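Fair warning: this is a prediction, and the values are worked out from it, not measured in the lab. When a ligand or atom number is given, it counts from 1 through the structure's own listing order.
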Amino acid sequence: MASTRVLLLGGTTEGRALARDLVTLPGVELTSSLAGRVRHPEALPGEVRVGGFGGVNGLMAHLFAEKVDLVIDATHPFAAEMTHNATKASEIVGVPLVRVDRPAWKPRAGDRWHETDTVAEAARLADSIGTRLFVTTGRQEAQAFAGVRAWCLLRSVDPPEPPLPARHEILLARGPFVVPEEIALMADRRIDCLVTKNSGGGATVAKMSAARELGLPVVIVRRPPLPPGLQCVPDPEGAVDWVARRLVP
Ligand code: NAP
């Protein structure tokens with residue numbers, strides 16, 4: 001059997017799970033791609049490349065040069081630029097692409113959601129609702145909170161860079177998180193409002209359950225739209241099936 005060269009755009013829980021599954025699939029030659037944002041990414045099986053491709057043109061050149069047969073976009077729901085570039089480049093080069101799009105979280109009975117379209121809007125709204133914010137929108141956008149009056153607990157994998165809120169605490173942590181510890185953390189820091197992106201998935205959902213149990217308002221950023229016509233599967237298993245059906249004979 002000839003080998004099928006798969007480029008996996010990752011940086012997520014799904015990307016790591018897929019890498020583990022795809023390296024065991026006979027006939028697959030896997031390369032995972034990471035943006036290089038996290039200082040110490042978790043080890044991945046298979047080949048790994050790090051850093052941007054250089055926009056749509058750079059990705060097209062990479063697909064040609066590396067003779068990529070299939071592309072899987074398992075990037076985060078808020079990594080809209082990478083998803084857009086992958087869609088365009090795959091379409092032009094004619095390489096099949098699938099996106100692993102984990103379902104978004106949905107409000108449940110008892111939830112007090114306030115939805116926004118951007119992190120900047122979320123920061124302003126949360127500052128008008130709470131005085132002690134639990135900010136989980138990620139290191140890259142922590143600066144959106146620089147001007148808030150509220151005290152902020154900023155949680156991210158790597159330290160956020162200034163400017164940061166005048167009064168804050170930084171908590172470095174990587175999911176998955178569990179509900180009792182999230183409740184204990186929020187109670188201990190006297191959090192009165194949670195700020196999050198609608199990332200979906202299981203690794204960071206515990207904070208949503210904790211906020212519900214504590215009766216706290218949640219300011220939640222809606223996902224950016226996906227490119228029209230993009231083929232999606234909801235989980236890594238769906239992507240493994242998709243690859244298995246397209247192996248080069
Ligand atoms: P983004 O805004 O969509 O992408 C900006 C640029 O970063 C892309 O145009 C591309 O550069 C490069 N890039 C992004 N993902 C890449 C990948 N997997 N491999 C190679 N280059 C990549 O992305 P982002 O929101 O900064 O996310 C960066 C990474 O962090 C992604 O892997 C994503 O899955 C992960 N992540 C993001 C979030 C979030 O909230 N945004 C949360 C958790 C994890 P070029 O144009 O030069 O190719």
Side-chain angles (χ1 to χ4, degrees), residues 6-19 22 30-42 44 46-66 68 70-90 92-93 95 97-102 104-105 116-120 122-123 135-145 154-161 172-177 195-205 207 219-227 230 232 236 239:
V6 178
L7 175 65
L8 170 58
L9 306 169
T12 53
T13 311
E14 287 80 1
R16 288 187 285 279
L18 256 176
L22 287 176
L30 177 72
T31 302
S32 292
S33 175
L34 302 175
R37 305 275 194 278
V38 175
R39 280 187 200 164
H40 303 290
E42 286 176 40
L44 283 172
E47 201 174 305
V48 179
R49 67 163 299 286
V50 180
F53 298 94
V56 176
N57 289 341
L59 181 54
M60 283 168 54
H62 180 91
L63 296 178
F64 272 127
E66 299 298 321
V68 173
L70 302 172
V71 180
I72 304 174
D73 172 14
T75 58
H76 191 269
F78 282 79
E81 199 176 334
M82 190 67 251
T83 293
H84 169 267
N85 292 354
T87 307
K88 268 261 166 281
S90 304
I92 296 169
V93 177
V95 175
L97 162 75
V98 74
R99 165 149 183 87
V100 182
D101 201 49
R102 57 167 95 130
W105 295 320
T116 69
D117 285 318
T118 63
V119 175
V135 178
T136 62
T137 42
R139 174 181 69 86
Q140 292 189 78
E141 278 155 304
Q143 296 180 355
F145 292 82
L154 303 168
R155 183 167 72 186
S156 52
V157 175
D158 286 320
E161 276 150 33
L172 300 183
R174 193 198 304 258
F177 303 102
V195 193
T196 180
K197 291 173 174 170
N198 193 338
S199 300
T204 60
V205 73
K207 65 189 169 189
V219 175
I220 181 161
V221 186
R222 289 188 194 94
R223 291 178 172 198
L226 289 172
L230 175 60
C232 294

Does any N or O in the side chain of [X] come within less than 3.5 Å of the main-chain N or O of [Y], such that one atom is a donor and the other an acceptor?
| X | Y | answer |
| --- | --- | --- |
| Lys197 | Thr137 | yes |
| Arg155 | Val135 | no |
| Thr136 | Val195 | yes |
| Thr12 | Ala74 | yes |

Point to revise | Those atoms of ligand 1 less than 4.0 Å from some heavy atom in Gly55 | key: 45 (P), 46 (O), 47 (O), 48 (O)
Point to revise | Proximal atoms of ligand 1 relative to Lys197 (non-hydrogen, under 4.0 Å) | key: 39 (C), 40 (O), 41 (N)
Examine the proximity of ligand 1 to [X] and report which part, side chain or backbone, both or neither, has a heavy atom under 4.0 Å away.
| X | result |
| --- | --- |
| Asn85 | side chain |
| Ala80 | backbone |
| Thr12 | side chain |

Between ligand 1 and [X], is the shortest N or O to N or O distance under 3.5 Å?
| X | value |
| --- | --- |
| Leu9 | no |
| Ser33 | yes |
| His76 | yes |
| Gly10 | yes |
| Arg49 | no |
| Arg37 | yes |

Review point. Step by step, would you call Leu154 with Arg139 a side-chain contact (heavy atoms from CB on, under 4.5 Å)?
Key: CA-CA 8 Å; Leu154 303 168; Arg139 174 181 69 86; over 6 Å; no
Nearest to [atom], what protein heavy atom do you find, and at what distance?
| atom | result |
| --- | --- |
| atom 48 (O) of ligand 1 | Phe53 N, 2.7 Å |
| atom 11 (O) of ligand 1 | Gly52 CA, 3.6 Å |
| atom 10 (C) of ligand 1 | Met82 SD, 3.7 Å |
| atom 44 (C) of ligand 1 | Gly11 O, 3.3 Å |
| atom 47 (O) of ligand 1 | Gly54 N, 2.8 Å |
| atom 28 (C) of ligand 1 | Ala35 CB, 3.7 Å |
| atom 23 (O) of ligand 1 | Ala79 CB, 3.5 Å |

Exercise for review: Go through His76 and Arg102 one step at a time and tell me if the side-chain contact (heavy atoms from CB on, under 4.5 Å) criterion holds.
Suggested key: CA-CA 9 Å; His76 191 269; Arg102 57 167 95 130; 4.0 Å; yes
Considering only heavy atoms from C-beta outward, does the side chain of [X] approach that of [Y] to under 4.5 Å?
| X | Y | answer |
| --- | --- | --- |
| Pro160 | Phe145 | no |
| Pro159 | Arg39 | yes |
| Pro77 | Asn198 | no |

Review point. Would you say Gly51 contacts ligand 1, with heavy atoms under 4.0 Å as the rule?
Key: yes
Revision key, fill the gap. Rounded to the nearest 0.5 Å, the CG atom of Leu8 sits from the OG atom of Ser32 at a distance of 4.5 Å
Point to revise | OG-CZ distance between Ser156 and Arg174, expressed to the nearest 0.5 angstrom | key: 11.0 Å
Check your understanding: Should Thr196 and Trp105 be marked as a side-chain contact (heavy atoms from CB on, under 4.5 Å) after you check the CA-CA gap, both sets of side-chain angles, and the distance that decides it?
Key -> CA-CA 11 Å; Thr196 180; Trp105 295 320; 3.9 Å; yes
